[in-house]
**Q** 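Below is one structure. I have some questions about it.
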Amino acid sequence: MDVIVNNTPSLSGTIDALSSKNYTTRYLLVAALAEGTSTIYYPAHSEDSDAMRRCIQDLGAVLVEDDEKITITGFGSTPRPTGELNVGNAGAVLRFLMGIAALGEEITFVNTYPESLGKRPHQDLIDALEQLGAEVDHQEGRLPITIRGGQPQGGVIRVSGSVSSQYLSALLFLTPLLPQDSTIEVLHDLKSKVVIGQTLEVLEQAGIVIHASDDYMSFKVPGSQKYQPANYTVQGDYPGSAAILAAAAVTKSDVTVTRLMEKSKQGERAIIDVLKMMNVPLTHEDNIVHVQGNGKLTAVEFDGDAATDAVLAMVAAAVFAEGTSRFYNVENLRYKECDRITDYLHELSKAGARVEERQAEIIVHGRPEGVEGGVEINAHYDHRVIMALTIVGLRSKEPLRIKDAHHVAKSYPGYFDHLQALGANVEWV
Ligand SMILES: O=C(O)C1=C[C@@H](OP(=O)(O)O)[C@@H](O)[C@H](O)C1
Ligand SMILES: C=C(OP(=O)(O)O)C(=O)O
């Protein structure tokens with residue numbers, strides 16, 4: 001299904017932020033790894049979180065869900081033998097479960113999104129699992145991937161962090177369950193480092209002990225631990241809400257978003273600081289963000305690695321800023337649902353934005369007068385491209401038609417409903 005985004009001068013109203021995708025996937029996983037019953041309040045509902053629900057059920061967890069919460073009785077350290085797992089298009093779910101697959105005899109991860117997740121690299125994680133004795137069949141580091149566990153014991157594991165933090169998170173979920181102690185050394189750089197803070201926070205809530213160096217480049221993990229059943233409450237999601245806040249920033253607006261924790265470990269909370277740096281009038285108090293946009297923004301320079309999943313929304317806001325903005329240290333955007341530098345900037349240019357790419361940078365020459373629009377946008381299977389181009393469409397002279405906009409449901413199925421509730425002129429066709 002496509003969405004038509006029409007010029008929308010103003011937005012107003014209040015919405016509750018969707019629930020965090022990253023926390024939901026993690027809580028589902030640690031609940032599945034516990035022996036006993038855990039409860040997760042306000043879990044996210046999206047294709048990615050549903051993929052984790054489906055896979056942990058296939059591995060033997062028992063799930064009961066109502067409108068407010070989900071109770072999960074876990075399988076502990078012994079996942080049920082299952083031939084195949086289908087993670088949909090969810091990168092984090094795949095990588096975390098590749099780690100857990102090392103506990104089993106043989107699991108094949110199938111390739112249902114050959115044009116998106118099917119193109120993403122997993123070699124660095126495969127190398128790490130092989131160090132633990134797993135046998136892995138793969139297609140040059142890509143799906144489909146078969147993992148035969150081989151009863152890993154623990155020990156020293158070296159993993160590269162230069163492409164994704166998800167490989168390290170996968171090892172942090174796996175190693176506490178191994179019989180012996182482990183040491184994890186991160187090689188090269190660690191991208192999306194802040195996300196490791198979310199992994200460690202959730203592991204601690206699940207009763208797991210991990211000794212991390214301050215720079216997150218080295219970890220000591222005691223073996224033979226047990227995940228404890230617990231109650232969890234999922235906080236609001238900054239990456240998705242960043243798109244709503246950026247939409248409010250580029251229009252005349254009076255928009256309130258609730259459930260956004262000020263002390264959150266989500267790096268994408270930086271959307272607040274970046275919009276403030278762009279001189280967008282906003283406040284953030286008592287977990288409520290209030291934007292009173294006037295459509296005027298100034299350019300910004302920002303290290304995007306601190307807020308990986310909000311960069312596309314920030315770039316969309318910068319399209320209408322006075323001056324030239326620069327988002328640097330963002331090379332790993334190339335290894336997402338699409339190449340979020342080349343593919344995204346191609347679509348932005350079609351809409352009339354003035355953008356330039358470097359290997360690890362996005363440069364935006366702002367157009368405060370607005371862009372032409374009037375074109376069809378290829379979504380590249382990427383929810384964040386869809387959300388970001390919608391922001392641009394709100395200030396395009398002619399409508400933007402975003403093809404296959406239903407892929408927004410990967411993380412934020414209610415995105416267009418929320419925008420419509422705020423008065424955006426968007427319609428499904
Ligand atoms: O661990 C996670 O849940 C995630 C880590 C990040 O990926 P990278 O570490 O690959 O940048 C982020 O972009 C993704 O949406 C979710
Ligand atoms: C990149 C993302 O997710 P994943 O890596 O889990 O597919 C995202 O949500 O923007």
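Whatever order the structure lists them in is the order used to number ligands and atoms, beginning at 1.
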**Q** Is the contact between Ala92 and ligand 1 made by the side chain, the backbone, both, or neither, using heavy atoms and a 4.0 Å cut-off?
**A** side chain
**Q** For a 4.5 angstrom cut-off between non-hydrogen side-chain atoms, does Phe327 reach Val300?
**A**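 When only atoms from C-beta onward are counted, Val300 and Phe327 do touch, with a gap below 4.5 Å.
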**Q** Does any donor atom in the side chain of Thr199 or Ser169 lie under 3.5 Å from an acceptor atom in the other side chain?
**A**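 There is such a pair between these side chains.
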**Q** Does the N or O separation between Gln166 and ligand 1 drop below 3.5 Å for any pair?
**A**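 Such a contact does occur with ligand 1.
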**Q** What I want to know is whether Ser169 and ligand 1 share at least one N or O pair that is separated by under 3.5 angstrom.
**A**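 No - when backbone and side-chain N and O of Ser169 are compared with those of ligand 1, no distance drops under 3.5 Å.
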**Q** For Lys21, counting its heavy atoms only, list the atoms of ligand 1 lying under 4.0 Å from any of them.
**A** 15 (O)
**Q** Taking only residues two or more places apart in sequence or in another chain, which ones pass side chain to side chain contact (heavy atoms under 4.5 Å, CB included) with Gln153?
**A**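 For Gln153 the side chain to side chain contact (heavy atoms under 4.5 Å, CB included) partners, ignoring immediate neighbours, are Gln151, Pro179, Gln180.
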**Q** Tell me which protein heavy atom sits closest to atom 2 (C) of ligand 1, plus the residue, atom name and distance to 0.1 Å.
**A** Arg26 NH2, 3.4 Å
**Q** Counting non-hydrogen protein atoms only, what is the nearest one to atom 8 (P) of ligand 1? Give residue, atom name and distance.
**A**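 Its nearest protein heavy-atom neighbour is Lys336 NZ, 3.2 Å.
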**Q** Would you say the side chain of Ile402 lies within less than 4.5 Å of the side chain of Val408, judging by non-hydrogen atoms?
**A** no
**Q** Report yes if Ser165 has an N/O atom closer than 3.5 Å to an N/O atom of ligand 1; otherwise report no.
**A** yes
**Q** For ligand 2, would you mind listing the residues that have at least one heavy atom less than 4.0 Å away, ordered by chain and number?
**A** Lys21, Asn89, Ala90, Gly91, Ala92, Arg120, Gln166, Asp309, Lys336, Glu337, Arg340, His383, Arg384, Lys410
**Q** Would you mind reporting whether Ile107 and Leu59 have side-chain heavy atoms less than 4.5 Å apart?
**A** yes
**Q** Of the backbone atoms (N, CA, C, O) and the side-chain heavy atoms from C-beta on, which set of Ser164 has a member under 4.0 Å from an atom of ligand 1: side chain, backbone, both, or neither?
**A** both
**Q** Under 4.0 Å between a side-chain nitrogen and a carboxylate oxygen: does that hold for Arg148 and Asp137?
**A** yes
**Q** Taking non-hydrogen atoms only, is Gln198 closer than 4.0 angstrom to ligand 1 via side chain, backbone, both or neither?
**A** neither
**Q** May I have all residue pairs that pass side chain to side chain donor-acceptor pair (under 3.5 Å) and include part of residues 399-421, sequence neighbours excluded?
**A**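 Applying side chain to side chain donor-acceptor pair (under 3.5 Å) to every pair that reaches into residues 399-421, excluding sequence neighbours, yields Asp2-Arg401, Asp2-Lys403, Asp48-Lys410, Glu337-Lys410, His383-Ser411, Tyr412-His418.
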**Q** Does anything in residues 203-218 pair up under side chain to side chain donor-acceptor pair (under 3.5 Å), and if so which pairs, sequence neighbours excluded?
**A** Tyr27-Gln205, Ser213-Asp215
**Q** Quick one: does Phe96 get a heavy atom under 4.0 Å from ligand 1?
**A** yes
**Q** Quick test of your reading of the model: are Arg326 and Glu301 salt-bridged, counting only N-O distances below 4.0 Å?
**A** yes
**Q** Is there a side-chain contact between Lys21 and Pro239, using heavy atoms and a 4.5 Å cut-off?
**A** no
**Q** Among Leu333, Asp309, Asn332, which residue places a heavy atom closest to atom 12 (C) of ligand 1?
**A**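 Answer by nearest heavy atom: Asp309.
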**Q** Look at Arg334 together with Glu331 and state whether they make a salt bridge at an N to O cut-off of under 4.0 Å.
**A** no
